[in-house]
Amino acid sequence: MYRRDFLKGVSALSVGVGALTFLKSMPALAARNDTLVVVTGTTINSLDIHRSGTNRPSYQVAVNCYDRLLTFGHKQLEDGSFSYDYDNLQPELAESWDVSEDGRTLTFKLRDNARFWDGNPVTAHDVKWSFDRAVTLGGFPTAQMAAGSLEEPEQFEAVDDKTFRIRLPHSSKLTLPDLTTPVAIVINSKVAKAHATDQDPWATEYLHRNPAGSGAFKVERWDSGQQLVYSRNDDWACGPVAKIQRVIIREIPSQSTRRALIERGDVHFSQNIPAKDARELEAAGKVKVVSTPIENCLHVLCTNLNFEPFQDKKVRQAIAYAVPYEAIFSNAAYGRGVPMWGGDSSKPESIAWPQPFPYSQDLEKARALMAESSHADGFSVPLSFDLGQADWAEPTALLIQEALGKIGIKVSLNKVPGANWRTVALVEKSLPLHLENFGGWLNTPDYYFYWAYVKGNLFNSSNYDNKEVAGLVDETLYMAQDDPKYAPNIRRMIEIAIDDVPRIPLYQPSLNVAMQQSTTGYEYWYHRQLDVRPLILKQD
């Protein structure tokens, strides 16, 4: 495409200053077969996943620029697309590993030829420093490491330059999968230490803008709020060297602009597109659309038990019967994802998670439950949602508002800016009725329940507190899945969640992406970030 043609084609678009800057540089870049151009609507706010306040879009830097000890293999899904395979652990930085008979000592042998970008060899001392950092800095990274029972620096030992050892307080099925996450990265400790200070011993200010990894791509440039540019590491030792030389991630806030760019062929890839666009782009057939149900993830309506009306189980159940599930799935999810209503029984036979709850819209049953409740005359409540997720949350909220009005619950809508959502919904847990989504990186039901159903844990924005559920989670969280006690405990957990229904599942969402026909190699990952390492651009 020539420059004059490109600018003529986009002249009718409504674009901001940032997008105009992007458009000026776009044609020459898109024409190169060794450069991949990606658009996203989200802002990368740090290049250091361990830093306090680093947001989800920034996790992609850890995925593409750093190595982890382990990774997952891949599998093909029924629709022909590809996904990571949770049941297939593979080596990355560690060429092999050994688990002691009691499951409490893990020993990793590092690749001899692995080197950081500056040429220094990757050693077990770097792994220990990186893990010490992750479990010490606090916040989300420390919590994620703890999910794999990785909590204290004393657990980690550099036996020699190429042997790293972890000692666990108990065996856990979650430890090895936890080592694949974007948090469990290995940092060049020599570089980091050279930029550490007494006030900043973990070099968070330096690594915020200057990654120091051994991964498949380096950060060539980062213009905060505008773009991130990767360049290939030709000496990457932990996998096949990428086919693409350069990747440009451009931040375009306007979804209509991002859609126009992918439709016209002026960018190669659009990440995390709304379900409506996914449906329409797929129908048009000009670009490839991949929609993958997000494992261990649900869009839910949460009732906050700190607020008196929702302490009555009959009120919660009444709301569950009032929700217009099919209308939400049609008008908010556009039929993409997996329905989570209309289950067969309140006593689950399967431990599959997520699985449909046995609620469907039944306003007569909902009204009867309200009449039996301590709030038979109804009440008023704000329904809150994250403006950053308005593409699905706003139509969902409007449909719920209308439905609950029919059973005597007067709902007002509270639109919370995305920058404030995590604080008010998950940290302060101060929203009476709200829409939320949580997807657990480690794909087991007990892991989901740990975060979302145990009192005090981050994603339990309902303030739900059930001693039996907490006990079942404690018993199963580290238990092997083939333990005879595991399945009965999981079924009981789900049964209680169905009856108490502090979180009302709406549907399991999909991660939707769009790409040019010339772009291949895309794989879905649980962390929902774009792994650019396997992507390929076909030659013209």
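Just so it is clear, the values below take in all heavy atoms, side chains as well, and ignore hydrogens, waters and symmetry mates.
Between Glu349 and Arg491 no salt bridge is recorded (no basic side-chain N to carboxylate O distance below 4.0 Å). The pair Arg503-Glu436 does not count as a salt bridge, with every side-chain nitrogen at least 4.0 angstrom from each carboxylate oxygen. Using a cutoff of 4.0 Å between basic side-chain nitrogens and carboxylate oxygens, Glu157 and Arg167 are scored as salt-bridged. A salt bridge is defined here as a Lys NZ or Arg NE, NH1 or NH2 lying under 4.0 Å from an Asp or Glu carboxylate O, and Glu282 with Lys288 fails to meet this definition. By the 4.0 Å N-to-carboxylate-O rule, Glu92 lies close enough to Arg68 to be salt-bridged with it. Look at Arg279 and Asp277 and you find no salt bridge, because none of the NZ, NE, NH1 or NH2 atoms lies under 4.0 Å from a carboxylate O. Look at Glu263 and Arg258 and you find no salt bridge, because none of the NZ, NE, NH1 or NH2 atoms lies under 4.0 Å from a carboxylate O.
When all heavy atoms of Arg111 and Cys238 are compared, the closest pair comes out as NE-CA, 3.8 Å. Val63 and Pro182 get closest at one heavy-atom pair: CG2-CG, 4.0 Å. Phe385 and Ala397 get closest at one heavy-atom pair: CD2-CB, 3.8 Å.
Between the side chain of Ser510 and the main chain of Asn512, no donor-acceptor pair closer than 3.5 Å is present. A distance-only check finds a donor-acceptor pair linking the side chain of Asn304 to the backbone of Lys429 [under 3.5 Å]. Of the possible polar contacts, one joining the Gln355 side chain to the Ser350 backbone as a donor-acceptor pair under 3.5 Å is found. Judged by distance alone, with hydrogens and angles left aside, the side-chain atoms of Gln516 form a donor-acceptor pair with the main-chain N or O of Ile262 at under 3.5 Å. Side chain of Asn64 to backbone of Gln60: a donor-acceptor contact under 3.5 angstrom is found.
Between the side chains of Asp531 and Gln529, no donor-acceptor pair of N or O atoms lies under 3.5 Å. Checking Asp500 against Tyr464 by side-chain atom types alone, a donor-acceptor pair falls below 3.5 Å. In summary, the side chains of Trp236 and Asp67 do present a donor paired with an acceptor at a separation below 3.5 Å, with no hydrogens or angles considered. With no hydrogens or angles considered, a side-chain donor-acceptor pair links Ser58 and Asn55 at under 3.5 Å. Side-chain contact, Thr107 with Asp98: no donor N or O sits under 3.5 Å from an acceptor N or O. A donor and an acceptor atom, one from each side chain of Asp446 and Tyr448, are nowhere located under 3.5 Å apart. Looking only at atom types and distance, the side chain of Tyr59 has no donor-acceptor partner in the side chain of His527 under 3.5 Å away. Donor-acceptor pairing under 3.5 Å is lacking for the side chains of Thr519 and His268. Counting only N and O atoms by type, the side chains of Tyr66 and Ser130 include no donor and acceptor under 3.5 Å apart. There is a side-chain donor-acceptor pair under 3.5 Å between Ser81 and Asp79. At a cut-off of 3.5 Å, with distance as the only test, no side-chain donor of Asn45 or Thr43 sits close to an acceptor on the other residue. Residues Gln245 and Tyr230 bring no donor and acceptor atom of their side chains to less than 3.5 Å of each other.
The 12-atom threshold is not exceeded at NZ of Lys485, counting heavy atoms of other residues, nucleotides or ligands nearer than 6.0 Å.
Phe82 and Tyr524 have their aromatic ring centers separated by at least 6.0 angstrom. Ring to ring, Tyr522 and Phe269 are close: their centroids are under 6.0 angstrom apart. For an aromatic pair to be called close, the ring centres must be under 6.0 Å apart, and Trp341 with Phe329 satisfies this.
Summarising the geometry, atom CG belonging to Leu47 is positioned 4.5 Å from atom CH2 belonging to Trp222; distances are rounded to the nearest 0.5 Å. Taken from CG in Asn420 to CG in Leu387, the straight-line distance is 10.0 Å, to the nearest 0.5 Å.
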Can Trp202 and His50 be said to form a ring-ring contact (aromatic ring centres under 6.0 Å, His included), step by step? CA-CA 10 Å; Trp202 297 109; His50 293 166; 9.2 Å; no
Determine, step by step, whether Phe131 and Phe164 satisfy the ring-ring contact (aromatic ring centres under 6.0 Å, His included) criterion, reporting the C-alpha distance in whole Å, the side-chain angles of both residues, the deciding distance to 0.1 Å, and the verdict. CA-CA 11 Å; Phe131 281 26; Phe164 177 68; 5.4 Å; yes
Apply the test side-chain contact (heavy atoms from CB on, under 4.5 Å) to residues Thr476 and Met493: give CA-CA distance (whole Å), side-chain angles for both, the deciding distance (0.1 Å), then the verdict. CA-CA 10 Å; Thr476 58; Met493 269 194 280; 3.6 Å; yes
Is there a side-chain hydrogen bond (donor to acceptor under 3.5 Å, both in side chains) between His74 and Ser83? Walk through the geometry before answering. CA-CA 6 Å; His74 316 289; Ser83 167; over 6 Å; no
Show your reasoning for whether side-chain contact (heavy atoms from CB on, under 4.5 Å) applies to Gln481 and Lys173. CA-CA 8 Å; Gln481 289 175 294; Lys173 64 179 181 294; 3.8 Å; yes
Residue pair Phe449, Trp353: steps toward the ring-ring contact (aromatic ring centres under 6.0 Å, His included) verdict: CA-CA 10 Å; Phe449 271 72; Trp353 185 262; 5.1 Å; yes
Could you walk me through whether Arg51 and Thr54 satisfy the side-chain contact (heavy atoms from CB on, under 4.5 Å) test, starting with their C-alpha distance in whole Å, then the side-chain angles of each, then the deciding distance to 0.1 Å, before giving a yes or no? CA-CA 6 Å; Arg51 190 172 190 263; Thr54 297; 3.5 Å; yes
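A side-chain contact (heavy atoms from CB on, under 4.5 Å) with Leu506 is found for exactly one of Val300, Asn437, Thr396, namely Thr396. Here the rule is ring-ring contact (aromatic ring centres under 6.0 Å, His included) with Trp441, and of Tyr447, Trp451, Phe140 only Phe140 fits it.
The shortest side-chain heavy-atom distance between Gln389 and Leu435 does not fall under the 4.5 Å cut-off. Taking the side chain as every heavy atom from C-beta outward, Leu535 and Thr520 never approach each other to under 4.5 Å.
Between Trp525 and Phe72, the ring-plane angle classifies as tilted under the 30° and 60° cut-offs.
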